[in-house]
Amino acid sequence: MEASHMGFLLFSSMLFAFVSSSSPNFPIIPFDEGYQPLFGDSNLVIHRDGKSVHLSLDERTGSGFVSHDLYLHGYFSASIKLPADYTAGVVVAFYMSNGDMFQNNHDEIDFEFLGNIRGKNWRIQTNVYGNGSTNIGREERYGLWFDPADDFHQYSIVWTDSQIIFYVDNVPIREVKRTESMGGDFPSKPMTLYATIWDASDWATNGGKYRVNYKYAPYVAKFSDLVLHGCAVDPIEQVAKCENDQSSEAIPSGVTAAQRIKMENFRKKHMTYSYCYDRLRYKVAPSECVINSQEADRLRKFDPVTFGSGRHHGKRHRHTRGSQTEAASSF
């Protein structure tokens with residue numbers, strides 16, 4: 001156990017030490033080496049020498065897969081091509097969770113892709129929970145500068161003991177820094193990685209106004225270039241196993257000055273919702289929020305009710321899922 005602890009400390013220190021503006025060059029692993037089917041039976045199909053996976057949603061079921069191991073911190077990534085055409089009500093998720101082990105105090109880090117009606121683009125939602133803090137939603141939503149159904153694009157999560165960074169095609173789009181005031185709300189327990197496609201008609205598109213239409217099924221989400229690069233944890237003894245060379249390689253743990261400019265530009269142009277500016281939910285922004293006046297002004301113009309005075313009590317965000325909560329979304 002002492003060696004495992006030392007390995008974990010080495011891994012953690014290297015997470016902090018390495019900051020790079022280039023794309024991390026971590027090994028892509030075959031599906032069978034890192035993952036197993038979660039649900040969906042024949043709606044999960046492995047392609048291309050075991051390195052590409054298709055998840056389908058039809059009238060019968062959705063589908064999903066899950067990592068073999070639990071991880072405490074690391075770099076997790078996949079290239080994803082989303083379904084095209086009418087996708088209202090469909091949600092594709094790439095996320096980390098330990099809800100199966102900690103049902104009342106689970107942690108979670110989410111990438112969620114929210115489908116839309118024909119002619120409207122997919123939207124991305126990110127979210128973070130720690131210690132079962134589902135009463136404080138930390139959602140953000142964005143448009144994209146490309147159509148994610150046209151081709152594969154890379155979506156990545158960096159998780160350390162002090163911050164979480166979400167990337168799209170190696171551009172950081174969100175940074176969550178751990179603060180003392182967050183306490184246990186920051187994810188701190190080992191998690192497994194999940195990928196799923198499912199029917200979220202009740203909330204996903206314009207608050208449930210537009211639902212999944214199965215005449216367009218099957219809806220197929222394609223995953224490739226799977227990267228699991230983190231500190232694996234023994235599920236029984238809860239001991240980190242970080243002695244091997246692969247786990248000890250440094251991963252990006254910060255945002256460089258050049259990346260920060262790209263992140264700020266992305267958020268100014270493409271962010272359509274952030275809990276930090278939602279005056280209907282929070283009269284005072286949660287303590288970890290860093291308010292950017294330009295972001296605030298843009299969101300206020302985009303939706304003056306939600307991001308303005310907060311005096312109008314219209315639709316509030318709904319939480320609908322146990323291990324992975326969502327917010328009702330508009331276009």
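Rounded to the nearest 0.5 Å, atoms OG1 (T196) and CG (L44) are 11.5 Å apart. Between atom CD of residue E59 and atom OH of residue Y214 there is a gap of 7.0 Å, rounded to the nearest 0.5 Å. Note that the CG atom of D161 and the SG atom of C231 stand 11.0 Å from one another [nearest 0.5 Å]. One distance of note links CD1 of I291 with OG of S274; it measures 7.5 Å at 0.5 Å rounding. Here F26 contributes atom CZ and S156 contributes atom OG; the two are 10.0 Å apart, rounded to the nearest 0.5 Å. R174 contributes atom CZ, which lies 4.0 Å from atom CD of E140 (distance to the nearest 0.5 angstrom).
F223 and V220 fall into different hydrophobic clusters, where Ile, Leu, Val, Met, Phe, Trp and Tyr are joined by side-chain heavy atoms under 4.5 Å apart, directly or via other members. Each of V284 and V305 belongs to its own hydrophobic cluster when Ile, Leu, Val, Met, Phe, Trp and Tyr are linked at side-chain heavy-atom distances under 4.5 angstrom. Hydrophobic clustering places Y282 together with M182 (ILVMFWY residues linked when any side-chain heavy atoms are closer than 4.5 Å, directly or through intermediates). Both I164 and F102 are members of a single hydrophobic cluster when ILVMFWY side chains are connected at heavy-atom separations under 4.5 Å. Criterion: ILVMFWY side-chain heavy atoms under 4.5 Å apart, direct or through other members. Under it, V176 and V290 are not part of a common hydrophobic cluster.
Scanning all heavy atoms of the two residues, the minimum distance from P83 to A149 falls at O-CB, 3.4 Å. Considering every non-hydrogen atom in both F31 and I46, the closest pair reads CD2-CD1, 3.4 Å. Of all heavy-atom pairs between G254 and Q259, the closest is O-OE1, 3.8 Å. P172 and V255 get closest at one heavy-atom pair: CG-CG1, 4.1 Å. When all heavy atoms are compared, the tightest approach of G184 to N131 is O-CB, 3.1 Å. The minimum heavy-atom distance linking D150 with K81 is given by the pair O-CE, 3.6 Å.
Residues E175 and M263 meet the side-chain proximity criterion, which asks for heavy atoms closer than 4.5 Å. Within the 4.5 Å cutoff, the side chain of T61 has no heavy atoms near those of the W198 side chain. No side-chain heavy atom of L57 sits under 4.5 Å from any side-chain heavy atom of N43. In this structure the side chain of F166 reaches within 4.5 angstrom of the side chain of I109, judged on heavy atoms. Counting only heavy atoms from C-beta outward, the side chains of L193 and F94 approach each other to under 4.5 Å. For the pair H153 and F146, the minimum side-chain heavy-atom distance is below 4.5 Å. Counting only heavy atoms from C-beta outward, the side chains of V168 and L144 approach each other to under 4.5 Å. The side-chain heavy atoms of I29 and L228, taken from C-beta on, include a pair separated by under 4.5 Å.
For H270, the side-chain contact (heavy atoms from CB on, under 4.5 Å) partners are W145, F266, not counting sequence neighbours. Not counting sequence neighbours, R298 has no partner by the side-chain contact (heavy atoms from CB on, under 4.5 Å) test. Under the rule for a salt bridge (charged side-chain N to carboxylate O under 4.0 Å, His left out), R178 has no partner lying at least two apart in sequence or in another chain. Listed by chain and residue number, nothing satisfies the salt bridge (charged side-chain N to carboxylate O under 4.0 Å, His left out) test with D147 (two or more places apart in sequence, or in another chain). Scored by the salt bridge (charged side-chain N to carboxylate O under 4.0 Å, His left out) test, E295 finds R267 as partners (sequence neighbours excluded). Not counting sequence neighbours, D169 has no partner by the salt bridge (charged side-chain N to carboxylate O under 4.0 Å, His left out) test. Shown here are the side-chain contact (heavy atoms from CB on, under 4.5 Å) partners of S181, two or more places apart in sequence or in another chain: T179, S287. Partners of Y194 by ring pair (Phe, Tyr, Trp, His ring centres under 6.0 Å), not counting sequence neighbours, listed by chain and number: Y95. Judged as a side-chain contact (heavy atoms from CB on, under 4.5 Å), and not counting sequence neighbours, the contacts of P30 are E33, K51.
For CD of Q103, the number of neighbouring non-hydrogen atoms (other residues, nucleotides, ligands) closer than 6.0 Å is 12 at most. More than 12 heavy atoms of other shown residues, nucleotides or ligands fall within 6.0 angstrom of atom NZ in K268.
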Tell me, with the steps shown, if V92 and W122 meet side-chain contact (heavy atoms from CB on, under 4.5 Å). CA-CA 10 Å; V92 176; W122 283 84; 4.1 Å; yes
Please determine whether side-chain contact (heavy atoms from CB on, under 4.5 Å) holds for the pair K222 and F152, giving the CA-CA distance in whole Å, both sets of side-chain angles, and the decisive distance to 0.1 Å. CA-CA 8 Å; K222 301 177 181 179; F152 285 89; 3.6 Å; yes
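Contacts classified as salt bridge (charged side-chain N to carboxylate O under 4.0 Å, His left out) and involving residues 82-93 (residues at least two apart or in different chains) are given here: D85-R118. For residues 203-215, the salt bridge (charged side-chain N to carboxylate O under 4.0 Å, His left out) pairs, not counting sequence neighbours, are D202-R211. Within the structure, salt bridge (charged side-chain N to carboxylate O under 4.0 Å, His left out) contacts touching residues 181-201 (residues at least two apart or in different chains) are D107-K189, R138-D185.
A cation-pi arrangement, defined by a distance under 6.0 Å to the six-membered ring centre and an angle within 45 degrees of its axis, is present between R141 and Y273.
The closest side-chain donor-acceptor pair between S52 and S224, if any, does not fall under 3.5 angstrom. Side chains of Y219 and S56: a donor-acceptor N/O pair is absent below 3.5 angstrom, by distance only.
Checked by atom type and distance alone, the side chain of Y277 pairs as donor or acceptor with a backbone atom of N292 at under 3.5 Å. T87 contributes a side-chain N or O that, together with a main-chain N or O of N116, makes up a donor-acceptor pair within less than 3.5 Å. The main-chain N or O of G115 is found under 3.5 Å from a side-chain atom of T205 such that the two form a donor-acceptor pair. At least one donor-acceptor pair closer than 3.5 Å links the side chain of D278 to the backbone N or O of R281. Although no hydrogens or angles enter the test, the distance criterion places no donor-acceptor pair under 3.5 Å between the side chain of D110 and the main chain of T126. For the pair T192 (side chain) and S97 (backbone), a donor-acceptor distance under 3.5 Å is present.
When each of I197, N213, L82, L114 is tested with V90 by the rule side chain to side chain contact (heavy atoms under 4.5 Å, CB included), just one qualifies, namely I197. When each of Y71, W159, Y155, Y167 is paired with F76, the ring pair (Phe, Tyr, Trp, His ring centres under 6.0 Å) condition holds for Y71 and for no other. Put simply, the residue from D151, D225, I28, L226 that forms a side chain to side chain contact (heavy atoms under 4.5 Å, CB included) with S79 is D225.
For F65 and Y35, the distance between ring centers is under 6.0 angstrom.
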